[in-house]
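Below is one structure; the comments refer to it alone.
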Amino acid sequence: MRRPGDQQLGISKDMRLRQRADYVAVQSSGSKVHGKHLLAITRRRTDPALAGRLGLTVTKKVGNAVVRNRIKRMVREWIRLHGWVPTGWDMVLVAKDSAARQVHPDDFAPDLTKILRHFST
RNA sequence: CGGAGAGGAAGAGGCGAUCGCCGGUGUCCAGCGCAAGCGAAGACACGGGAGGAAAGUCCGAGCUUCACAGGGCAAGGUGCUGGUUAACGGCCAGUCGAGGUAACUCGCAGGACAGUGCAACAGAAAGCAAACCGCCGGCGAAAGUCGGUAAGGGUGAAAGGGUGCGGUAAGAGCGCACCGCCUCUUCGGUGACGAGGAGGGCAAGGAAAACCCCACCUGAAGCAAGACCAGACAGGAGUGGCGCUGCCCGCGCGAUGACUCCGGGUUGGUCGCUCGAGCCCGCCGGCAACGUCGGGCCUAGAUGAAUGAUCGCCGCUUUAAACGGUGACAGAACUCGGCUUAUCGACCUCUCCGUCGG
RNA sequence: GCGGGAGUAACUCAGUGGUAGAGUGCAACCUUGCCAAGGUUGACGUCGAGGGUUCGAAUCCCUUCUCCCGCU
């Protein structure tokens with residue numbers, strides 16, 4: 001049971017993008033924010049009360065399976081500890097080649113704080 | 001002590017805590033049911049959660065579909081022998097050949113008197129052999145010419161047994177000895193083959209990772225296979241056939257059906273999906289690979305795809321010291337048996353060679 | 001995950017055991033008052049990488065790397 005006031009840190013299945021159609025919808029009509037290692041594409045959901053959803057795209061060009069998994073885990077962990085995607089939004093993060101050389105979740109902090117600040121404007 | 005060879009086993013170092021992710025079991029619970037009971041979503045508790053290569057997809061199988069069972073051709077694969085296995089191109093033991101002082105390692109290791117082709121250039125001649133130079137003999141004053149000759153030179157990757165002695169005009173398996181080769185044969189071995197004996201008197205070269213021949217093996221496709229549920233849509237044209245998909249035979253199916261093309265709709269869910277030729281220990285059989293039997297264990301099942309992050313202590317390591325680093329190759333996708341490739345730092349066992357000491 | 005295909009000059013491609021070729025491009029020269037076109041000549045290459053078979057390998061065999069395509 002979650003008590004009122006607690007910060008929610010878990011991420012369930014309805015807080016992630018899980019269908020190809022969702023990715024296509026965000027990538028075709030969302031707005032883009034460039035970072036050093038990441039590209040963010042954000043889009044408002046139809047109902048602003050729905051939970052924020054995150055999708056991660058790391059192509060084979062970036063690295064092998066171990067590298068791609070590590071990038072996803074680091075980015076997902078940082079966002080989980082910093083409030084996740086705001087309610088009512090979808091966001092797709094695309095890793096750039098330089099993301100493969102990062103070794104710690106905080107290495108993505110400059111990009112991700114810039115991206116999260118974008119939601120408030 | 002130094003050098004070398006063979007094999008084995010384990011590893012994001014260990015313990016604890018917190019925040020998360022994935023699925024499993026149990027409890028509570030809406031609801032269904034007369035009842036026994038079943039049990040959605042969610043919450044809580046308990047325990048589980050990447051590798052030796054999970055990789056490349058190079059082989060072999062299970063499983064599923066192609067209506068059923070079959071014969072022939074074609075195509076492809078394997079290739080010393082004997083075992084092993086569900087099967088294999090794997091593994092084990094041996095044979096032969098090559099390399100190494102040795103331990104040991106490496107080998108696509110059948111057939112070239114079944115046939116067809118190939119060998120550029122060079123060279124006189126390259127596959128029923130052949131006389132350029134040379135050597136020897138006859139004729140001739142000589143140039144030369146006619147013959148003999150494969151020991152020598154030269155060409156070539158390769159020149160039709162090798163070495164030695166005899167022999168001869170010079171030579172030549174022409175003769176002899178040893179080695180090689182071929183045929184027959186004795187003994188040992190399941191066999192590959194080995195050890196010998198007798199004879200032949202050299203004809204029979206290379207290459208089969210050229211075609212091919214021989215022996216053995218193979219139906220095709222693949223979990224995106226395939227089965228079911230829910231939902232959506234709009235039909236039209238053509239072909240006489242279609243099916244285990246290259247061909248033939250045989251067989252079967254077939255006009256509200258089949259196939260092809262155009263157009264339209266969907267891109268959801270459940271099952272398959274993890275208990276299996278499974279893993280560990282022990283006895284016995286076997287040189288071994290492996291097998292019989294007994295006991296114990298349950299060990300990821302995701303689907304935009306889960307193993308991560310933070311903190312404390314200890315260990316290792318870099319450094320003057322650390323608040324630094326924690327390693328290499330690399331991430332399950334139906335499941336097994338192999339092969340191959342990538343790779344860090346240590347550890348253990350056995351063997352060989354050299355040196356010194358006893 | 002499964003299935004299939006390709007790597008040869010700067011680019012596009014031939015070459016299927018015997019000296020690596022063509023076109024475009026590049027450089028120099030000729031032609032022109034100058035440029036283009038045309039002509040002549042030239043440089044161009046670890047045949048993706050490693051190992052093997054063969055006297056000899058781009059070609060045959062094995063291993064490996066990179067890229068591309070198809071299947072829900």
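The chains referred to below are lettered A, B, ... by the order of the sequence lines, with proteins before strands, and numbering in each begins at 1. Computed from a prediction, not measured in an experiment: that's the story for all the values here.
Distance check on atom C1': B:U95 versus B:G60 gives 27 Å, rounded to whole Å. With both ends at atom P, the span from B:G33 to B:U18 equals 45 Å, rounded to whole Å. Taking atom C1' in both B:G250 and B:A69, one finds a spacing of 11 Å when rounded to whole Å. Taking atom P on both B:U335 and B:C223, the two are 12 Å apart, rounded to the nearest angstrom. The C1' atoms of B:A169 and B:A112 are separated by 43 Å, rounded to the nearest whole Å. Taking atom P in both B:U340 and B:U310, the straight-line distance is 41 Å, to the nearest Å. Rounded to the nearest Å, the gap between the P atom of B:C113 and that of B:A129 is 14 Å. With both ends at atom C1', the span from C:A57 to B:A346 equals 45 Å, rounded to whole Å.
In B:G52 the base sits syn relative to the sugar, since the glycosidic angle is no further than 90° from 0. For C:U31, the O4'-C1' to base torsion is more than 90° from 0; the nucleotide is therefore anti. Using a 90° window around 0 for the glycosidic torsion, B:U245 falls outside it and is classed as anti. The glycosidic torsion of B:A157 lies more than 90° away from 0, which places this base in the anti conformation. The glycosidic torsion of B:U299 lies within 90° of 0, which places this base in the syn conformation.
Between A:D90 and A:R45 there is a salt bridge, since a side-chain N of the basic residue sits under 4.0 Å from a carboxylate O of the acidic one.
Here the OG1 atom belonging to A:T57 is positioned 12.0 Å from the CZ atom belonging to A:R68, to the nearest 0.5 angstrom. In this structure, A:M91 CE and A:T42 OG1 are separated by 8.0 Å, a value rounded to the nearest 0.5 Å. Atom-to-atom distance recorded for A:W89:CH2 and A:H118:NE2 is 6.0 Å, nearest 0.5 angstrom. Atom CZ of A:F108 is separated from atom CD1 of A:I71 by 5.5 Å, given to the nearest 0.5 angstrom. Annotation: the span from A:L50 atom CG to A:T46 atom OG1 amounts to 6.0 Å, rounded to 0.5 Å.
Of all non-hydrogen atoms in A:K96 and A:H34, the two that sit nearest each other are NZ-ND1, 3.4 Å.
Between A:H104 and B:A309 there is no side-chain N or O to OP1 or OP2 distance below 4.0 Å.
Computed from coordinates, the A:N64 CG to B:A54 P distance equals 17 Å when rounded to whole Å. Straight-line distance from the CG atom of A:D14 to the P atom of B:A41: 14 Å, rounded to whole Å. Going from atom CE of A:M74 over to atom P of B:G308 covers 12 Å, rounded to whole Å. Rounded to an integer number of Å, the gap from A:K60 NZ to B:A55 C1' is 12 Å. As a whole-Å value, the separation of A:H82 NE2 from B:G20 P is 16 Å. Atom CZ in A:R68 sits about 19 Å away from atom P in B:A54, given to the nearest Å. Atom CD1 of A:I71 is separated from atom C1' of B:G331 by 14 Å (rounded to the nearest Å). Following rounding to the nearest Å, A:R70 (CZ) and B:G327 (P) show an atom-to-atom distance of 12 Å.
Both distances falling under 3.5 Å, in either a Watson-Crick or a G-U wobble arrangement, place B:G315 opposite B:U326. Summarising the base pairing, B:U64 is matched to B:A221 through a Watson-Crick or G-U wobble pair whose two defining distances lie under 3.5 Å. Using the Watson-Crick or G-U wobble rule with both distances under 3.5 Å, B:C297 pairs with B:G278. Across all strands shown, nothing is found opposite B:A120 as a Watson-Crick or G-U wobble partner with both distances under 3.5 Å. Pair assignment for B:G285 gives B:C290, based on Watson-Crick or G-U wobble hydrogen-bonding distances that are each under 3.5 Å. The partner of C:A37, taking Watson-Crick or G-U wobble pairs whose two distances both stay under 3.5 Å, does not exist in any strand shown. When both distances must be under 3.5 Å, the Watson-Crick or G-U wobble mate of B:U18 is B:A309. Nucleotide B:C44: paired with B:G26 (Watson-Crick or G-U wobble, both distances less than 3.5 Å).
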Practice task
Sugar-phosphate atoms are those with a prime plus P, OP1 and OP2; base atoms are the rest. Using that split, label each nucleotide of nucleotides 302-307 of chain B B, S or - for protein heavy atoms under 4.0 Å, 5' to 3'.
Solution key: -SB--S

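In terms of modelled atom types and a separation under 3.5 Å, the side chain of A:T113 and the main chain of A:P110 share a donor-acceptor contact. Checking side-chain atoms of A:D106 against main-chain N and O of A:A109 turns up no donor-acceptor pair under 3.5 Å.
Using a 4.0 Å heavy-atom criterion, one finds that A:D22 contacts no nucleic acid atom at all.
Residue order along RNA chain B, read from the 5' end via each residue's closest nucleotide, puts A:V103 first among A:V103 and A:V66.
The salt bridge (charged side-chain N to carboxylate O under 4.0 Å, His left out) check on A:R76 picks up nothing, with sequence neighbours excluded.
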